[in-house]
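No hydrogens, no waters, no symmetry mates; every other heavy atom, side chains included, goes into these values.
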Amino acid sequence: MIDNRINRRNEAPDNPKGKYVLYWMQGAQRIDNNHALYIAMKHANLLGLPLLVGFVLMPNYPHAVTGHYRFMLEGLSLLQKELKQMGINWVMTLGDPVQIVAKWAEEAALIVMDKGYTRFPRHMRDVLAKRLHVSLYEVDTNLIIPVEKAYPKEAYAAYAIRPHLMKLVSEYASTVVLPKVQNDTQLCFEEGVEGTADMILSKHLTGLRSHEYTHAPRGGEIYAQKALDYFIAEHLKAYEGSSNHPNKSVVSRLSPYLHFGQISPVTIYERVLASGLPCAAFIEQLVVRRELAYNFVWYNKEYDQLERVMPDWAKESFERHSHDERPAVYSLNTLEEAGTYDAYWNAAQNELLQKGTIHNYMRMYWGKKIIEWSSNPQEAFDNMIYLNDTYAIDGRDPNGYAGIAWCFGKHDRPFFERKVFGKVRYMISEG
DNA sequence: ATCGGCTCGCGCAA
DNA sequence: TGCGCGAAGCCGAT
């Protein structure tokens, strides 16, 4: 089944003079259940070459703030140590991935990379595929079912994709067993960036917009595993009973780890199933809702353009209600500072600012309210994208774009006419 | 507290 | 071609 995750991205041959196999790691920042790492190790062993894992640290990733980088760098510094212990070379370089991977490629026998799903990571991979003159393989490892194997087009709603996913999930959710490293020759890279998250932030990332979380989760594969253990032990039972009751809000807290690929959904799936507890509601989230979000961004490249996101019935409905009176109209600034009249909404916004996450249910309520408080849907949409991308640790993620689009009728059905929203589903605070 | 209706269009059986 | 049904909705009737 691992072969079904590989996409050969060019026609170029291996470089017979290559000194190493390169795994350009970007989206899957982990060792556990990393299919791209597995493929790269297999190739290295076959060719008798050492493996180089290269990560490119971009100093100006779109929308990223210091808190995002900190979480990611915490994970990378642990990862680097683990790889070294396994006999695998690691280099992290500051700059533009296309330039740097092209440079690493000069001495590589072949290249493996993980897959990017949203516009920017995807574009970089497309550019590299055209530019490189050495074999380039792309591996879909951040989904249980690779996005193109799951469904061949943009799904209208969850019901369309659900049976396909559920039919394939057990086939694809199997543990990756990494081969032993056979050649652990140490390679030397002078341009590598090293040190703790703090050191790297203060030395190399000084141009960033500063936003630090007061209650951030800690980044890294072992903390992802701990969060999973904790969720299964303490919250899975309640999740099955009341995940749609906001006052009993049960969160898996795994989405920041999933966003940076610090944990594999395969790992989560297997561990949750192995617990023996009922888990249908959680599996629905992990498999159906998550893969639907990836399906959305993969097949609809304008996933962050309101016009391209709304179904026609929602468009017409919003238009008919464009002159409805709003209960309040808030500026981006007021929203950003959690200064509305609604204490529940402010709490959700403050949680976003301080922890970098919002409970799934609350994010929908959060979004629906922004629609109600904006003079038009376009402004609401743009503000939601901005706030989520900037403040959520897992912003800039398919789940975020799909969640925001849902607030505007995407993947949903029409409902009873009401003010401002028309036939688009509305939500009110409960208790 | 619980239930059917609201409303649209896709997916699939027929 | 027709029918079932859908992310967390609301409303009014019982």
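- Contact annotation: Arg289(A) reaches the phosphate of dA7(C) (side-chain N/O to OP1 or OP2, under 4.0 Å).
- Between Tyr426(A) and dA7(C) there is no side-chain polar atom (N or O) within less than 4.0 angstrom of OP1 or OP2.
- Among the nucleotides dC8(B), dG9(C), dG9(B), the one closest to the side chain of Tyr156(A) is dG9(B).
- If you take CZ of Phe415(A) and C1' of dG5(B), they are 12 Å apart, rounded to a whole angstrom.
- Of the candidate nucleotides dG9(B), dC11(C), dC8(B), dG9(B) has the atom nearest to the side chain of Tyr159(A).
- The CD atom of Glu284(A) sits 8 Å away from the C1' atom of dA7(C) (whole-angstrom rounding).
- For dC8(B), neither phosphate oxygen OP1 nor OP2 lies less than 4.0 angstrom from any side-chain nitrogen or oxygen of Lys315(A).
- For Arg418(A), no side-chain nitrogen or oxygen approaches OP1 or OP2 of dC6(B) to under 4.0 Å.
- Following rounding to the nearest Å, Asn399(A) (CG) and dA7(C) (P) show an atom-to-atom distance of 15 Å.
- Rounded to the nearest 0.5 angstrom, Leu78(A) CG and Leu83(A) CG are separated by 11.0 Å.
- Between Arg413(A) and the phosphate of dC10(B), there is no side-chain N or O to OP1/OP2 separation shorter than 4.0 Å.
- Taking atom CD1 on Ile161(A) and atom C1' on dA7(C), their separation rounds to 15 Å, with Å as the unit.
- Between dC8(B) and Lys423(A), a contact under 4.0 Å exists linking OP1 or OP2 to a side-chain N or O.
- Rounded to whole angstrom, the span from the NE2 atom of His411(A) across to the P atom of dT7(B) amounts to 24 Å.
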